[in-house]
There are 2 protein chains.
Amino acid sequence: MDKKDHGRPPFKALSIAMVERDTGLSKDTLRMWERRYGFPRPARDGNGARTYTPDQLDRLRLIRRCMDLGLRPGKIVAASMHELIAHTGNAVDVRNKTKAPTGPLPGVLQLLKAQRVAEMRDFLVQAVMRLGVLRFILDVIVPINAEVGHAWMRGEIAIHEEHLYSEQVQHLLRQAIGSAMHRGLAPRVMLTTLPGEEHQLGVLMAQTFLSVEGAQCISLGVQTPASDIVSAARAHGVDIVGLSFSQAMQPRNACTGLADLRQRLDSRIELWAGGALWSRVRKSVPGVRFLSSLTDIPPALADWRARRSGRAA
Amino acid sequence: MDKKDHGRPPFKALSIAMVERDTGLSKDTLRMWERRYGFPRPARDGNGARTYTPDQLDRLRLIRRCMDLGLRPGKIVAASMHELIAHTGNAVDVRNKTKAPTGPLPGVLQLLKAQRVAEMRDFLVQAVMRLGVLRFILDVIVPINAEVGHAWMRGEIAIHEEHLYSEQVQHLLRQAIGSAMHRGLAPRVMLTTLPGEEHQLGVLMAQTFLSVEGAQCISLGVQTPASDIVSAARAHGVDIVGLSFSQAMQPRNACTGLADLRQRLDSRIELWAGGALWSRVRKSVPGVRFLSSLTDIPPALADWRARRSGRAA
DNA sequence: GAATACTTTTGTCCTAGACAAATTATACAC
DNA sequence: GTGTATAATTTGTCTAGGACAAAAGTATTC
């Protein structure tokens, strides 16, 4: 404040607890990495406690991103910043081939990066009015989501920008859901995510589609433990439990979680799994219906209703 | 499934990590309590790892609740369930004196426990129409929040019920914010929570109050790392950073997080901390303004504007 | 009654070893 | 080549006490 930056920056000392909070890596893991891979090797304060630098924190975050892409700690924890960045770049390039840069995306992404929130919001509001909610989600939100995710992986946008974007979209979707919410017909659908999956937008998009189709939605937000999903499904007498999985989730955790849930859930209750994860992972779990796109929701609903009326009749 | 409960319940074995997640007590603290006070003294699995019982978890939750009421661990960790319940009972009675059992609370909580979602929503919608958003928040949401929190601590409601409640309120508040959101005057306020604090309702309630008062709000949702708050605040040129803290957060972490953030944030940007946490913890961090109630927001805003215009003139 | 110094309480951090769950590599049969 | 069982490796979490600083409570003095 009183002094301008001169040569050495004022070296912010971060405790292991702060690093744990900011990176999501447990204290145990941080100490283990230091022991095994030699990074991060923090300085110590007078009391022998580790003091990390902001640089180390940045690098840890980058390592985290690489791990989300499927790389393993042993390969990357000791790697240099350049190698890490190369990894994230490559992984993204491979994906970009499939998705050409279409119309509205660059605009929104640029407004976001330029911190022009009001304009971004205006753009989105206009788009939802012009296209209607469903087309808005499919043509605008889904592509932008993907683009924002990739940009974040590449480090082109900060977490706070992703948060900001997510907040705006959440507002829009919740407003749409609010007006589309009738007393609700069959089926009764419960929506949430498993623990570890904290992205809300997937749930909200699904809820929008279902509400517009006249289904009765009960959303539990995010991160509901399996045992709670089971008891909630029973308590509310739902017909279908829908779970959303973002790309950030580990496919393995998702599959084991689904299998576990399927086993504990009443067999008459259907289990549907959707979200960006399933477009790149093609696993199947017995007794689980996978919806790789939001557009699969209306037919799946129609199918359910046909089966139901057939059985009822 | 295939076997009915017979005599011994199927003893759910809980790892120390699960107990940490469910109680908010760190592994270190749990081990320390065991060493010092002899509780909880979990069984061990074949590998020597602690395995807690659901009963122990319930008792830990009750202990936590007693601590939230101001009792210290040394007095209560070794106490029996009866003593604990007596403590909470007394404490609750003390509080109830100030807040007579008003109308809406028992009703909503009961609807929630009875899984009567539609009715609960209707009730809330009617309340917001009748009272207006601000009074609705103060007279309905805040008391219910407290009640839901206590009920959860006491184990009277499940996580999924809390999730469900939170979702309904979120819908209502976001709708209110949407219609109260103008282009925005000064000051420009950025709202979020620190990592570890995942309760959104606090942020949304604050945002509602600020929007109604004409301030320009930029919400980043929840769990924004300190370094991102700093860069986002700079990028958006905000005047105030507002953080929300729920009762669930450890006061210690909250204070260190705040102090850390205050140090890194441009000194011209004010830092306001609000939320239920500060009504029971009376700490102060230099350079941070504490708002123990939502009703403190309008005067604080007026104060800011007065100072600003004074300085500008 | 308020301010100061002293004592107890309490949570976090430390080291370094152990082990299970998950992943990858290898061997072998078809 | 493809599939499967077995072995090796990787990786995160758990454990045990010891140490210490910050906070809360208590005693002493003005």
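Predicted model only: the values in this text are computed from it and were never measured. Residue numbers begin at 1 in each chain, while the letters A, B, ... track the order of the sequences.
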Quiz item: Residues in side chain to side chain donor-acceptor pair (under 3.5 Å) with A/Thr193, at least two apart?
Solution: none
Quiz item: Quick one: side chain to side chain donor-acceptor pair (under 3.5 Å) partners of A/Arg289, sequence neighbours excluded?
Solution: A/Asp303
Please report the distance, rounded to the nearest Å, between [atom1] in [X] and [atom2] in [N].
{"X": "B/Asn47", "N": "C/dA18", "atom1": "CG", "atom2": "P", "answer": "12 Å"}
{"X": "A/Asp45", "N": "D/dA19", "atom1": "CG", "atom2": "P", "answer": "17 Å"}
{"X": "B/Tyr52", "N": "D/dT15", "atom1": "OH", "atom2": "C1'", "answer": "11 Å"}

Quiz prompt | A/His199: side-chain contact (heavy atoms from CB on, under 4.5 Å) partners, not counting sequence neighbours | solution = A/Glu162, A/Glu197, A/Ser246, A/Ala248
Self-check item: A/Ala17: side-chain contact (heavy atoms from CB on, under 4.5 Å) partners, not counting sequence neighbours
Solution: A/Ser15, A/Lys27
Exercise. Identify, with sequence neighbours excluded, every residue that meets salt bridge (charged side-chain N to carboxylate O under 4.0 Å, His left out) alongside B/Arg44.
Key: B/Glu34
Self-check item: Contact summary for A/Val241 and A/Ile229, nearest pair of heavy atoms
Solution: CG1-CG2, 3.9 Å
Show each protein N/O and nucleotides 10-13 of chain C N/O combination with a separation under 3.5 Å, one pair to a line.
from: C/dT10; atom 1: OP1; to: B/Pro73; atom 2: N; distance (Å): 3.4
from: C/dT10; atom 1: OP1; to: B/Gly74; atom 2: N; distance (Å): 2.8
from: C/dT10; atom 1: OP2; to: B/Tyr37; atom 2: OH; distance (Å): 2.9
from: C/dT10; atom 1: OP2; to: B/Gly74; atom 2: N; distance (Å): 3.1
from: C/dG11; atom 1: OP2; to: B/Trp33; atom 2: NE1; distance (Å): 2.7
from: C/dG11; atom 1: N7; to: B/Arg36; atom 2: NH1; distance (Å): 3.2
from: C/dG11; atom 1: O6; to: B/Arg36; atom 2: NH2; distance (Å): 2.8
from: C/dT12; atom 1: OP2; to: B/Ser26; atom 2: OG; distance (Å): 3.1
from: C/dT12; atom 1: OP2; to: B/Thr29; atom 2: OG1; distance (Å): 2.9
from: C/dC13; atom 1: OP2; to: A/Lys27; atom 2: NZ; distance (Å): 3.3

Quiz item: How do A/Thr51 and B/Gly46 order along DNA chain C: which one's closest nucleotide is nearer the 5' end?
Solution: A/Thr51
